[in-house]
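Since the model is a prediction, treat every value here as computed from it, not as a measurement. We count residues from 1, following the sequence as given.
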Amino acid sequence: EKSKRKCIDELSKDTKTMDTPLTTKAIEDAFKSDDKVQFWSEAAARLSACYEWKCVLIHSSIPNAFVSEMLPSRIFVTTGMIEE
């Protein structure tokens with residue numbers, strides 16, 4: 001909470017000294033120039049794509065569940081997970 005407040009205070013100081021008001025476009029441009037924000041924005045877009053998620057059952061006694069980049073929108077679950 002303290003670090004959040006500190007960031008807000010610092011941003012407030014910066015915006016008070018700016019000649020132009022902080023616009024939505026300026027904020028968007030700042031976010032677009034940040035590599036981490038760009039990475040996570042693209043990841044969120046991929047996850048929220050209009051894919052219909054499906055569950056694939058794999059016959060195996062080993063309990064496991066996973067997803068794979070090779071087959072998007074699929075959740076693989078072994079029968080070992082269901083039997084336990």
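Other members of the hydrophobic cluster containing Leu71, listed by chain and number, are Val56, Ile58, Phe66, Phe76; membership follows side-chain contacts under 4.5 Å among ILVMFWY residues, whether direct or relayed.
Using a 4.5 Å cut-off on side-chain heavy atoms (C-beta onward), Thr78 and Ile62 make no contact.
For Phe39, there are no ring-ring contact (aromatic ring centres under 6.0 Å, His included) partners two or more places apart in sequence or in a different chain. By the side chain to side chain contact (heavy atoms under 4.5 Å, CB included) test, Glu69 is found to be paired with no residue, residues two or more places apart in sequence or in another chain being considered. For the side chain to side chain contact (heavy atoms under 4.5 Å, CB included) test, residues two or more places apart in sequence or in another chain that qualify with Lys36 are Asp34.
In terms of modelled atom types and a separation under 3.5 Å, the side chain of Thr79 and the main chain of Ser60 share a donor-acceptor contact.
The distance from the CD atom of Glu83 to the OG atom of Ser61 is 7.5 Å, given to the nearest 0.5 Å.
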